[in-house]
Amino acid sequence: MRSSSSSSWRCQLSRATRLALRWCRRRRRPQPGAPGGRLLALWGYGALLLKSLCSNSLADGDTLLDCAFEPVYWIVDSVTRWFGAVFVCLVVLLTTSVVVIVYLFVLPTIVSTYPSYWVAWHLSCGHWLLVMVVFHYYKVTTTSPGHSPKDKIHIPSVSICKKCITPKPPRTHHCSICNTCVLKMDHHCPWVNNCVGHFNHRYFFSFCLYMTLGCFYCSMSSKALFLEAYDAVERFYQIPGPTEASPETTAHKSIIFLWVLTSTVCVALGGLTLWHMIIISRGETSVERHINNKETRRLREKGKVFKNPYHHGPMNNWKLLLGVERRSHWFTRVLLPSSHLPDGDGIMWDFSFARSDPMAI
């Protein structure tokens with residue numbers, strides 16, 4: 001009798017509990033006809049769908065920030081991709097205008113007023129810089145920086161590209177503008193409409209260096225003519241002013257344009273060239289510079305010191321970039337136009353110490 005009463009009591013308690021839970025569930029669930037019930041249901045469904053598609057164990061604040069700025073990145077990449085040819089045409093146009101002005105107004109003045117040895121020096125130095133600028137700009141725009149091989153599986157890699165779904169060798173990074181992985185990627189330069197990577201890094205740096213030297217040469221050579229032309233144009237626009245011939249006024253304005261353009265480019269491009277000289281001496285690229293700085297701070301907090309595995313000493317870093325193997329190569333490969341290939345294939349790299357040491361990938 002006692003067992004049957006105990007069983008009946010348990011059944012009654014279980015039934016009462018189920019009814020209470022069902023009643024609470026009905027109270028919490030919005031009725032279909034209630035105001036805002038359908039809207040709340042849609043909102044909950046959308047939130048659940050968004051979480052199921054976007055959330056995972058690796059999601060953090062940086063991931064959400066990247067997702068929020070993804071439209072901005074897409075706009076910048078699209079504009080850079082479509083305007084790359086425009087930037088190249090602009091470089092060619094401005095360089096051509098400088099050369100024409102020098103041939104029409106600067107060189108005749110030098111030939112007619114300077115001694116013969118200074119004339120020979122100006123002709124030799126000016127044309128040497130012009131040849132080096134044209135050669136390296138053509139090579140950096142037409143030479144492929146090198147891409148990660150997609151048909152080879154057994155290659156040394158440090159990760160898998162999330163966009164290309166291919167192995168990424170060391171120092172390889174994905175370019176969102178070119179939409180491919182670039183070997184030893186430095187950056188994407190819109191002024192050459194190409195990525196700067198393993199096979200054209202030397203051409204890019206040489207172009208920046210010789211363009212800076214060429215602009216400095218034009219600026220210093222035309223400084224006296226610029227001061228004279230500036231005074232003449234200032235007198236011309238005075239009221240009342242002297243009457244001057246139109247060709248002479250055009251020559252003065254051309255000299256002013258030449259000096260302002262070359263001086264501005266010399267300062268701006270000179271700063272960029274100096275920056276690349278610093279990171280080349282450290283055995284880094286522009287991308288690796290940011291990665292290594294972040295890795296240095298992370299290891300410093302742990303009491304460790306970061307070492308760049310691709311730093312072989314400043315002089316050796318320059319030799320690797322410029323392809324200098326003998327002393328004569330400083331003249332034949334650096335001071336003269338040369339199409340020699342860089343050292344290595346961009347996939348295999350020599351490390352300056354063991355792989356067990358802290359390193360950035």
Side-chain angles (χ1 to χ4, degrees), residues 46-85 140-190 192-201 203-204 279 283-295 298 306 308-310 341-351 355-361:
L48 179 61
L49 179 63
L50 182 62
K51 290 182 179 180
S52 63
L53 293 176
C54 303
S55 299
N56 54 61
S57 59
L58 301 178
D60 53 8
D62 294 337
T63 304
L64 295 178
L65 190 63
D66 291 340
C67 294
F69 279 90
E70 190 66 27
V72 179
Y73 298 150
W74 181 84
I75 293 175
V76 173
D77 294 344
S78 300
V79 171
T80 305
R81 185 183 303 112
W82 288 106
F83 279 85
V140 72
T141 55
T142 57
T143 303
S144 174
H147 305 295
S148 178
K150 298 182 179 181
D151 55 342
K152 297 181 180 180
I153 301 177
H154 302 288
I155 59 173
S157 60
V158 294
S159 63
I160 300 294
C161 180
K162 299 177 182 179
K163 297 183 178 181
C164 296
I165 317 299
T166 55
K168 288 174 60 177
R171 314 188 79 177
T172 300
H173 302 277
H174 184 87
C175 176
S176 58
I177 300 175
C178 299
N179 197 25
T180 186
C181 288
V182 178
L183 299 177
K184 192 196 167 188
M185 179 180 176
D186 188 89
H187 69 288
H188 184 96
C189 181
V192 302
N193 195 26
N194 198 3
C195 262
V196 178
H198 177 65
F199 290 101
N200 62 354
H201 193 184
Y203 297 132
F204 173 79
I279 62 176
E284 299 173 328
T285 62
S286 299
V287 177
E288 292 172 350
R289 179 60 179 166
H290 297 289
I291 298 176
N292 293 348
N293 285 340
K294 187 176 181 180
E295 191 71 7
R298 186 184 68 85
F306 172 78
N308 181 14
Y310 309 110
L341 296 176
D343 183 70
D345 56 0
I347 299 177
M348 300 286 294
W349 295 95
D350 293 331
F351 300 117
R355 288 291 297 270
S356 60
D357 292 341
M359 60 178 293
I361 296 175

Over all atoms of both residues, closest heavy-atom pair of [X] and [Y]:
X      : Y      : value
Cys164 : Thr180 : SG-CA, 4.0 Å
Gly344 : His198 : O-NE2, 3.2 Å
Val196 : Cys189 : CG2-CB, 4.3 Å
Cys175 : Cys195 : SG-SG, 3.2 Å
Phe199 : Gly146 : CD1-CA, 3.6 Å
Ile160 : Pro167 : CD1-CA, 3.7 Å

Inset, instruction - Taking ring-ring contact (aromatic ring centres under 6.0 Å, His included) as the test, write out the residues that go with His201, two or more places apart. - result: none

Spacing of [X] atom [atom1] and [Y] atom [atom2] [to the nearest 0.5 Å]:
X      : Y      : atom1 : atom2 : result
Cys161 : His173 : SG    : NE2   : 11.0 Å
Asn308 : Ile279 : CG    : CD1   : 11.5 Å
Arg171 : Tyr310 : CZ    : OH    : 6.0 Å
Thr285 : His187 : OG1   : NE2   : 10.5 Å
Thr172 : Met185 : OG1   : CE    : 10.5 Å
Glu284 : His290 : CD    : NE2   : 10.0 Å

Inset, instruction - Verify, without hydrogens or angle tests, whether Asp186 (side chain) and Ser286 (backbone) share a donor-acceptor contact under 3.5 angstrom. - result: yes

Legend entry - Any donor-acceptor pair under 3.5 Å from Ser148 side chain to Pro169 backbone: no

Inset, instruction - Using the test side chain to side chain contact (heavy atoms under 4.5 Å, CB included), find all partners of Asp345 that sit at least two apart in sequence or belong to another chain. - result: Ile347, Met348

Inset, instruction - Could you tell me which residues satisfy side chain to side chain contact (heavy atoms under 4.5 Å, CB included) with Asn293, sequence neighbours excluded, listed by chain and number? - result: Arg289, Arg297

With sequence neighbours excluded, residues passing side-chain hydrogen bond (donor to acceptor under 3.5 Å, both in side chains) with [X]:
X      : result
His188 : none
Asn194 : none
Thr142 : none

Legend entry - Close side-chain approach of Leu183 to His147, heavy-atom, < 4.5 Å: no

Inset, instruction - Go through the steps to decide whether His174 and Asn179 satisfy the test side chain to side chain contact (heavy atoms under 4.5 Å, CB included), and finish with yes or no. - result: CA-CA 7 Å; His174 184 87; Asn179 197 25; 3.8 Å; yes

